[in-house]
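Working notes, beginning with the structure itself.
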Number of protein chains: 2
Amino acid sequence: MAIVRFTKQRQAVLEVVRGSTEHPDAAHVFDAVKQIVPSISLGTVYRSLEALVQEGHLIQVQQPGQATRYDARLEDHAHFMCDACGEVFDVLIELPDLVGLVSAKLEGFGVKEARVEFHGTCRRCKHSN
Amino acid sequence: MAIVRFTKQRQAVLEVVRGSTEHPDAAHVFDAVKQIVPSISLGTVYRSLEALVQEGHLIQVQQPGQATRYDARLEDHAHFMCDACGEVFDVLIELPDLVGLVSAKLEGFGVKEARVEFHGTCRRCKHSN
DNA sequence: ATCGATGCAAACGCTTTGCACTCTT
DNA sequence: AAGAGTGCAAAGCGTTTGCATCGAT
């Protein structure tokens, strides 16, 4: 499903995610977008996010048992998830070529992507106890 | 929540996951366990799986937008998820020490775990088109 | 004017939970 | 006998979808 019409709703959704550093989920995007387009519905937020992901303008960040979050940072990167506060941090560090490593071993498989997700305690949570 | 009573339901749930190579989700476990304990309910399957995870007898495998799957293989390992058929494969390959790598860079963070998830096309799906 | 996008509300799938009852300990 | 575990059904939550209407092209 390609975006063929650039409505104010989709522009607003994209702006909100781009302007956020917190990897917002659909509900947070909804709240923020309402300030720009008060009449927007949650369904439209979901449809817009999906379209923007398909178009390659956003990526999804999944956290076990939580709502899908969205990230406007398109370069390949990992995420750190704080198990205490739930916050998600970008990990902008060059990692080894895992796809190459695994491709060599998984004969006949088409390995396209490696997603890396770190877990632990963030700086703030670690220091506040 | 520790398991303080080993009921036949929990034993059956653990046996089913241990005896499966397909990383079953709660519904699949439910279907299989019914052959052993016909009266079991889905709620009990969920509670048993949760307890077994807490106790360290099972781990969870999450696939974006899909039901949580369970894995009785306890050693640290990655997973390969086929984007075509949805099947999940264990990746039993020694990977670089990502936690150490990232710990050195994320000053003040307590990095405990790195989860690695490969995506692409499995052997069967790749060869059938 | 077309037909993709929207708003609304209902429905969905997975999971959790309240309650009375059961059965391991 | 105590209270953790069970079965059942209802509810919860994130997400999707049907439909009539709106509006970008």
Side-chain angles (χ1 to χ4, degrees), chain A residues 1-17 20 22-55 57-71 81 86 88, chain B residues 1-17 20 22-55 57-71 81 86 88:
Chain A
M1 184 222 271
I3 297 176
V4 303
R5 294 181 191 183
F6 288 93
T7 61
K8 58 178 188 278
Q9 286 88 341
R10 295 202 172 170
Q11 288 176 36
V13 167
L14 183 53
E15 271 170 35
V16 162
V17 182
S20 167
E22 65 187 14
H23 306 81
D25 62 18
H28 283 93
V29 172
F30 180 48
D31 288 342
V33 171
K34 272 192 289 194
Q35 323 259 340
I36 309 172
V37 187
S39 67
I40 199 170
S41 71
L42 186 53
T44 295
V45 170
Y46 275 104
R47 281 185 281 227
S48 298
L49 288 168
E50 188 203 343
L52 290 164
V53 169
Q54 300 285 355
E55 289 285 291
H57 295 110
L58 297 178
I59 62 168
Q60 298 183 319
V61 183
Q62 312 268 355
Q63 235 177 329
Q66 310 228 9
T68 300
R69 289 164 168 245
Y70 295 85
D71 191 345
M81 310 197 178
V88 176
Chain B
M1 184 222 271
I3 296 176
V4 302
R5 296 182 189 184
F6 288 93
T7 60
K8 58 177 189 276
Q9 287 88 342
R10 294 199 174 172
Q11 289 178 34
V13 166
L14 184 52
E15 272 171 36
V16 161
V17 181
S20 168
E22 64 186 14
H23 305 81
D25 61 19
H28 283 94
V29 173
F30 181 49
D31 288 342
V33 171
K34 272 192 290 195
Q35 324 258 341
I36 309 172
V37 187
S39 68
I40 199 169
S41 72
L42 186 53
T44 294
V45 170
Y46 273 104
R47 281 185 282 227
S48 299
L49 288 168
E50 189 203 342
L52 290 164
V53 168
Q54 300 285 355
E55 288 287 290
H57 295 110
L58 297 178
I59 61 169
Q60 297 183 319
V61 183
Q62 312 267 355
Q63 235 176 330
Q66 309 229 6
T68 299
R69 289 163 167 245
Y70 295 84
D71 191 345
M81 310 198 178
V88 177

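Convention: sequence-line order gives letters A, B, ...; per-chain numbering from 1. All values derive from a computational prediction rather than experimental measurement. Just the heavy atoms: all of them, side chains too, but no hydrogens, waters or symmetry mates, feed the values below.
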What is the distance from [atom1] of [X] to [atom2] of [N], rounded to the nearest Å?
X: A:Leu49; N: D:dT16; atom1: CG; atom2: P; result: 10 Å
X: A:Lys8; N: D:dC22; atom1: NZ; atom2: P; result: 13 Å
X: A:Gln11; N: C:dT6; atom1: CD; atom2: P; result: 11 Å
X: B:Gln62; N: D:dG14; atom1: CD; atom2: C1'; result: 14 Å
X: A:Glu50; N: C:dA5; atom1: CD; atom2: P; result: 11 Å
X: B:Phe30; N: D:dT6; atom1: CZ; atom2: C1'; result: 13 Å
X: A:Glu55; N: C:dG4; atom1: CD; atom2: C1'; result: 13 Å
X: B:Gln66; N: C:dC14; atom1: CD; atom2: C1'; result: 12 Å

Euclidean distance, [Y] [atom2] relative to [X] [atom1], rounded to 0.5 Å:
X: B:Lys8; Y: B:Ile36; atom1: NZ; atom2: CD1; answer: 12.0 Å
X: A:Tyr70; Y: A:Asp25; atom1: OH; atom2: CG; answer: 9.0 Å
X: B:His23; Y: B:His28; atom1: NE2; atom2: NE2; answer: 13.5 Å
X: A:His57; Y: A:Ser48; atom1: NE2; atom2: OG; answer: 12.5 Å
X: B:Phe6; Y: B:Leu14; atom1: CZ; atom2: CG; answer: 9.0 Å

Ignoring backbone atoms, establish whether [X] has a side-chain N or O less than 4.0 Å from OP1 or OP2 of [N].
X: A:Thr68; N: D:dG14; value: no
X: A:Tyr46; N: D:dT15; value: yes
X: B:Arg10; N: D:dG5; value: yes
X: B:Thr7; N: C:dT24; value: no
X: B:Ser41; N: D:dA9; value: no
X: B:Gln9; N: C:dC23; value: no

Practice task
For the side chain of B:Arg5, starting at C-beta, report the closest nucleotide among C:dT15, C:dT24, D:dT6.
Solution key: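 Of the candidates, C:dT24 comes closest.
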
Exercise for the section: Return the nearest nucleotide to the side chain of B:Ser39; candidates are D:dG5, D:dG7, C:dG7. Expected result: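 For B:Ser39, the side-chain atoms sit closest to D:dG7.
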
Exercise for the section: Find which nucleotide of DNA chain C each of B:Phe6 and B:Arg69 is nearest to by heavy atoms, and output the residue with the more 5' nucleotide. Expected result: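 Residue closer to the 5' terminus by nearest nucleotide: B:Arg69.
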
Handout entry: Check: C:dG4 base within 3.5 Å donor-acceptor of A:Arg47 side chain
Key =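 Flag unset: no donor-acceptor pair detected.
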
Exercise for the section: Answer with base, sugar-phosphate or nothing: what part of the nucleic acid does A:Leu42 contact at a heavy-atom distance below 4.0 Å? Expected result: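 Since a base atom lies under 4.0 Å of A:Leu42, the category is base.
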
